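The structure displayed is predicted, hence computed values, not measured ones.
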Amino acid sequence: MTQQTDFVEVDVGALADGQMMRVDVGGRRVLLARVDGELHAIDAVCTHERAYLDEGALVGHVVYCPLHYSAFDVRSGEVLGPPADRSTQRYTVEVVDGSARISTEPATAGDDGAGTTDDTAPVTADVRTLPAERPRTLHSRMVDPIDRLVWPERLATRIHAAIGPLRLRLARAGLMDLLHGRWLGHALHPALSDMPIGLWAGSLLLYLVGWSGAAVLLSIVGIAAALGAAATGTADWTATDGHERRVGLVHGLVMLGALLVQCGSVVAHFAGGHVVAVILSAASIAVTLGAAYLGGHLVLGRGTMVDHTAWPEHAPGWERALAEDELGLGATVPVDVGQRKVLLHRDGDDRISAIEAVCSHAGAPLALGATCEGVVTCPWHDSRFRLRDGAVLRGPATFPQPALDVRVADGWIEVRSPRPAAPDVR
């Protein structure tokens with residue numbers, strides 16, 4: 001048995017390719033976009049904080065929320081970028097006798113939602129899709145349940161709101177960059193987080209061989225290292241969203257538990273409770289390894305604080321980017337060059353430069369960020385990059401934006417990836 005789907009006719013005569021508009025369908029606010037000649041419709045309310053997507057920016061097939069720059073695919077409603085981490089609903093669009101019609105209810109799962117140009121194409125209202133099965137691995141058993149819990153999201157939101165003003169003050173004083181590790185050239189937290197693991201493991205071993213004095217010394221040094229790891233980890237966590245924010249919170253809380261147990265081991269040692277000190281030391285190591293597993297998931301599985309420009313897709317030679325006369329003095333223009341996104345900039349000295357337009361911190365679209373005096377600010381987490389050479393001027397980014405070679409040929413600005421320097425064999 002099939003369910004009858006109602007449609008509302010919409011006038012799209014003035015909607016050009018690459019444009020979007022708001023339509024009201026069945027009491028719902030819907031975004032209608034024309035991309036590559038086809039019509040697509042999705043719910044116009046952002047799933048993050050209820051902003052209106054139709055008031056944002058449409059770049060290709062991606063619409064960016066005007067409030068926090070969450071990214072959604074207008075063809076499917078799929079969420080493509082944080083802080084939103086839930087897809088929005090999609091509506092079926094038909095073109096019949098030159099008129100567009102949008103379903104009054106969200107499209108049934110499995111429908112590709114693309115606008116059809118076949119006036120006689122039947123409407124399939126009863127479509128059933130079986131989701132792909134995922135193997136039940138140790139990793140999925142440990143990580144997946146976190147996303148099904150309510151309290152991590154609520155607690156993370158409250159903590160973010162509470163420490164937001166402090167983070168802003170620290171950023172202005174340059175301390176956030178210190179904690180992120182911008183001065184080091186990569187994130188500082190992963191390096192510091194290894195120290196408590198090694199020191200506490202060594203402490204437990206010394207306890208077991210009877211060297212209690214040396215064991216408690218390593219335990220105390222490990223506690224100090226854990227405090228440094230906690231400070232840098234918290235700094236990195238403030239620049240996360242969605243899944244990474246939830247798992248990062250649990251990772252931090254578990255590590256805090258390990259730290260408190262390790263402190264209990266030190267107290268037990270000085271109180272004369274050798275056996276209790278050893279038991280607590282072993283328990284702390286076990287909890288620490290659990291926290292480290294979640295940390296490994298964030299870095300290796302989700303790319304948190306990893307350079308998101310390390311593997312750009314590009315052709316090997318020069319590629320045309322923009323006509324030279326379309327880039328004025330002081331202007332910054334985003335362009336698509338093949339499969340890559342590039343920011344072109346011409347400074348007051350008439351020098352043209354180009355950098356990758358995907359933020360190295362979390363993959364945000366720098367084209368939507370504000371530019372001022374040769375500096376672009378990331379729209380997601382406020383990292384700042386110098387347009388002349390891609391240098392990081394403010395974190396949380398720790399990796400610079402790749403700068404491209406630029407030349408002007410036959411009235412066109414052309415770019416290519418820089419060639420590695422030839423080795424000096426003298």
Side-chain angles (χ1 to χ4, degrees), residues 47-49 68 70 79 81-86 134-164 166-167 176 179-181 187-201 222-223 225-265 280-306 361-363 380-381 396:
T47 58
H48 175 231
E49 288 193 359
H68 297 113
S70 298
V79 62
D85 62 352
R86 291 183 295 111
R134 295 180 57 190
R136 295 295 294 167
T137 62
L138 172 64
H139 179 270
S140 65
R141 289 188 177 95
M142 293 186 66
V143 176
D144 290 353
I146 296 176
D147 278 330
R148 294 193 288 268
L149 299 174
V150 175
W151 68 264
E153 180 68 27
R154 291 178 177 174
L155 181 57
T157 300
R158 291 174 182 173
I159 294 175
H160 257 253
I163 67 177
L166 174 62
R167 181 181 185 275
M176 289 301 290
L179 295 174
H180 287 310
L188 179 59
H189 175 69
L192 289 182
S193 65
D194 287 344
M195 296 180 64
I197 299 174
L199 289 166
W200 291 344
I223 289 172
L227 294 175
T232 55
T234 301
D236 291 347
W237 179 77
T238 61
T240 59
D241 306 281
H243 174 81
E244 288 80 6
R245 181 186 292 186
R246 290 188 292 271
V247 176
L249 175 66
V250 176
H251 163 74
L253 292 176
V254 173
M255 196 63 206
L256 176 61
L259 173 61
L260 293 177
V261 174
Q262 192 68 215
C263 290
S265 175
L280 291 178
S281 177
S284 177
I285 282 292
V287 177
T288 299
L289 292 178
Y293 186 89
L294 294 178
H297 164 73
L298 290 172
V299 175
L300 301 176
R302 304 291 292 195
T304 304
M305 298 301 288
V306 170
H361 170 240
W380 283 359
H381 302 116

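- Remark: Met176 CE to Leu179 CG distance equals 6.0 Å, nearest 0.5 Å.
- The line from NE2 of His189 to CG of Asp236 is 7.0 Å long, rounded to the nearest 0.5 Å.
- Residues Thr240 and Leu298 have side chains not in contact (no heavy-atom distance under 4.5 Å, counting atoms from C-beta outward).
- Among all heavy-atom pairs drawn from Ala292 and Ile197, the shortest one is CB-CD1, 4.0 Å.
- The backbone N or O of Ser281 sits nowhere less than 3.5 Å from a side-chain atom of Trp200 that would complete a donor-acceptor pair.
- The heavy-atom pair separating His361 from Ala239 by the smallest distance is CE1-O, 3.4 Å.
- We find the CD1-CZ distance between Ile159 and Arg154 to be 14.5 Å, quoted to the nearest 0.5 Å.
- Between His297 and Met142, the closest side-chain pair of non-hydrogen atoms is not below 4.5 Å.
- Contact annotation: the side chain of Arg246 never approaches that of Leu149 to less than 4.5 Å [non-hydrogen atoms, C-beta and beyond].
- With contacts defined as side-chain heavy-atom distances shorter than 4.5 Å, the pair Thr288/Gln262 does not qualify.
- Within the 3.5 Å criterion, the main-chain N or O of Pro190 finds a donor-acceptor partner in the side chain of Ser193.
- Thr232 places no side-chain N or O within 3.5 Å of a backbone atom of Leu188 that could act as its donor or acceptor partner.
- At least one side-chain heavy atom of His180 sits under 4.5 Å from a side-chain heavy atom of Met305.
- Nearest approach of Pro396 to His381, heavy atoms of both residues: CD-O, 3.2 Å.
- Rounding to the nearest 0.5 Å places CG of Leu199 at 10.5 Å from CG of Asp194.
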Walk me through it: do Leu155 and Leu249 pass the test side-chain contact (heavy atoms from CB on, under 4.5 Å)? CA-CA 8 Å; Leu155 181 57; Leu249 175 66; 3.9 Å; yes
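- Looking at every heavy atom in both residues, Met195 comes nearest to Ala225 through CB-CB, 3.8 Å.
- Smallest separation of non-hydrogen atoms from Val261 and Ala283: CG1-CB, 4.2 Å.
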Trp380 vs Asp241, side-chain contact (heavy atoms from CB on, under 4.5 Å): CA-CA, chis, key distance, verdict: CA-CA 10 Å; Trp380 283 359; Asp241 306 281; 5.7 Å; no
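- Val254 has its side chain within reach of Val250: a pair of non-hydrogen atoms, C-beta onward, lies under 4.5 Å apart.
- For the pair Thr234 (side chain) and Ala230 (backbone), a donor-acceptor distance under 3.5 Å is present.
- With a 4.5 Å cut-off on side-chain heavy atoms, Ile223 and Cys263 count as touching.
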Evaluate the criterion side-chain contact (heavy atoms from CB on, under 4.5 Å) for residue pair Leu227 and Leu259; output intermediate values, then yes/no. CA-CA 9 Å; Leu227 294 175; Leu259 173 61; 3.9 Å; yes
